[in-house]
Amino acid sequence: MNIAIKSAKYATATFVAIFLAQWLGLNYAVSAGIIAILSLAETSKKTIQYIGNITLTMLLSLTVATILFQLFGYEIWVFSLYLLITYPAAVFLKSDNAIAPCAVFISHLLLEQSSSFDWWINELLLLVIGVGIAMIVNLYQTSSSNQMNQVKSEIEEKMQGILNNLADKMDDPQHQDFLVYEAIDQTNDLAKHGLFLAMKEVENNISGQVDNYYINYFEMRMSQLTLLFDINDSLDNIYELTDQTYDLSGFFRHVSQELSESNTAAKLRNELGQLKDEYRNSPLPQSRKEFETRSILFDVLLDCEKFLALKYEFYKSTHRIKQLKKR
């Protein structure tokens, strides 16, 4: 939620809540505006959760405070006793984030020296107005689709560069590009940001129709980046060229060209299978160094297999969801 929209929501919710409370002739009408501000969370889901918490804590607070005020009188120490009892109960009910505004409501009873039915109604109406206006105002949520698509494009562009850098490493074992690790970390940070936006989008959807496409996409890319980190780590231990390194570097360049989310990765998996067969059928290594190199390259092949499997499973699950939506 950007600053301009958040400011507009705060101002609108506060004004409408206070205006409505005053129009109804309620005492302490400003409190309705404060409740509206506190209830405006970052997402619709969090707003609803807070409304549930403050409603529960409010009923608990009114009940406990009324009993204590009736038993011991309207004294400051009784108000403190109310907090001493209510706060642990709110923690147990996981609604302690609402104890402060509820304490403000109870202070009204202390100031008025009354916990009559009329004052209960006054405080509950202030609460209903505050949370009600907050819920209505927070129904408007800006979509993060454009941002997420931009992040997707940046991730794919950076991953293409990473794959080409890994291919360069295989073509020249002396090519030690330590920036690859940095590029992977930066791309992973982008994926985390994209996942944050996707989670926020889901939490703003209160219709019950949840689309996890973006969540699945960014999680898939994060898993792939972990594999690329491992591959880069393995390639750092290769010190000589073989026929297999050239074949694998060419495959990496091919993968970089086919990285698009719409690609099924099926053809790439077949190509990788052929590479594995060629590795198995190639002559045995003639030296210890060649043996170690081929062993590392085979581990890289296995990581490539996992890399493509992640993409293939993502495509299958996405395609399945699209088919279900058409029915």
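Using a cut-off of 4.0 Å between Lys/Arg side-chain N and Asp/Glu carboxylate O, Lys192 and Asp185 are scored as not salt-bridged. The existence of a salt bridge linking Glu156 and Arg221 is confirmed by a sub-4.0 Å separation between a basic side-chain nitrogen and an acidic carboxylate oxygen.
For the residue pair Ala65 and Ile106, the shortest heavy atom distance occurs at CB-CG2, 3.6 Å. The two residues Gln22 and Ala29 have their closest heavy-atom pair at CG-CB, 3.5 Å. The two residues Thr14 and Gly33 make their nearest non-hydrogen contact at OG1-O, 3.9 Å. Closest approach of Arg253 to Ala167, counting heavy atoms only: CZ-CB, 3.5 Å. In this structure, Leu60 and Ala89 approach most closely via the heavy-atom pair CD2-CB, 3.7 Å. The shortest non-hydrogen separation linking Ala21 to Ala32 is CB-CB, 4.0 Å.
With 3.5 Å as the limit, one finds no donor-acceptor pair spanning the side chains of Asp299 and Ser234. Between the side chains of Lys9 and Asn138, at least one donor N or O lies within less than 3.5 Å of an accepting N or O. For the residue pair Asn149 and Tyr214, a side-chain donor N or O sits within less than 3.5 Å of a side-chain acceptor on the partner. Using a 3.5 Å distance cut-off with no hydrogens or angles, the side chains of Gln186 and Glu182 do pair a donor with an acceptor.
Within the 4.5 Å cutoff, the side chain of Phe252 has no heavy atoms near those of the Ile162 side chain. Taking 4.5 Å as the limit, every side-chain heavy atom of Glu271 sits out of range of all side-chain heavy atoms of Val255. Residues Ile215 and Asn212 form a side-chain contact, since some pair of their non-hydrogen atoms from C-beta on lies under 4.5 Å apart. Thr57 is not listed as a side-chain neighbour of Ile54, based on a closest heavy-atom distance of 4.5 Å or more. Taking the side chain as every heavy atom from C-beta outward, Ile35 and Leu126 never approach each other to under 4.5 Å. Side chains of Leu24 and Ile129 form a contact here, defined as non-hydrogen atoms less than 4.5 Å apart. Residues Tyr28 and Val104 form no side-chain contact, since every pair of their non-hydrogen atoms from C-beta on lies 4.5 Å or further apart. No side-chain heavy atom of Ser39 sits less than 4.5 Å from a side-chain heavy atom of Met135.
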Carefully, step by step, assess Leu71 and Ile67 under the rule side chain to side chain contact (heavy atoms under 4.5 Å, CB included). CA-CA 6 Å; Leu71 288 175; Ile67 293 172; 3.9 Å; yes

For the pair Asp168 and Asn165, evaluate side chain to side chain contact (heavy atoms under 4.5 Å, CB included) and give the outcome as yes or no after the intermediate values. CA-CA 5 Å; Asp168 290 339; Asn165 281 332; 3.9 Å; yes

Step by step, would you call Leu124 with Leu59 a side chain to side chain contact (heavy atoms under 4.5 Å, CB included)? CA-CA 9 Å; Leu124 289 173; Leu59 292 173; 4.1 Å; yes

Apply the test side chain to side chain contact (heavy atoms under 4.5 Å, CB included) to residues Ile184 and Lys158: give CA-CA distance (whole Å), side-chain angles for both, the deciding distance (0.1 Å), then the verdict. CA-CA 8 Å; Ile184 292 172; Lys158 285 183 176 294; over 6 Å; no

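Residues that satisfy the ring-ring contact (aromatic ring centres under 6.0 Å, His included) test with Tyr312, not counting sequence neighbours, are absent from this structure. Among residues two or more places apart in sequence or in another chain, the ring-ring contact (aromatic ring centres under 6.0 Å, His included) test is passed with Tyr74 by Phe69. Evaluation of the ring-ring contact (aromatic ring centres under 6.0 Å, His included) rule for Tyr50 yields no partner, not counting sequence neighbours. Residues that satisfy the ring-ring contact (aromatic ring centres under 6.0 Å, His included) test with Phe218, not counting sequence neighbours, are absent from this structure.
Within the structure, every pair that satisfies the side chain to side chain donor-acceptor pair (under 3.5 Å) test and touches residues 117-135, not counting sequence neighbours, is listed here: Thr66-Trp120, His108-Glu123.
Following chains of ILVMFWY side-chain contacts shorter than 4.5 Å, one can reach Ile133 starting from Leu38, so the two form part of one hydrophobic cluster. Both Leu190 and Phe229 belong to a common hydrophobic cluster when Ile, Leu, Val, Met, Phe, Trp and Tyr are linked at side-chain heavy-atom distances under 4.5 angstrom. No single ILVMFWY cluster, assembled from side-chain heavy atoms under 4.5 Å apart, contains both Phe15 and Ile136. Put simply, Leu26 and Val131 are part of the same group of oily side chains (I, L, V, M, F, W, Y) that touch within less than 4.5 Å, one to the next. There is a path of hydrophobic side-chain contacts, each under 4.5 Å, that joins Ile231 to Met222.
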Donor-acceptor pairs under 3.5 Å, side chain of residues 77-85 to any protein atom, not counting sequence neighbours: which ones?
from: Ser80; atom 1: OG; to: Ile76; atom 2: O; distance (Å): 3.4
from: Tyr82; atom 1: OH; to: Ser61; atom 2: OG; distance (Å): 3.0

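The residue from Gln147, Lys152, Glu154 that alone fulfils the side-chain hydrogen bond (donor to acceptor under 3.5 Å, both in side chains) condition with Gln150 is Glu154.
Remark: side-chain polar atoms of Gln113 are paired, donor with acceptor, to backbone N or O of Leu110 under 3.5 angstrom.
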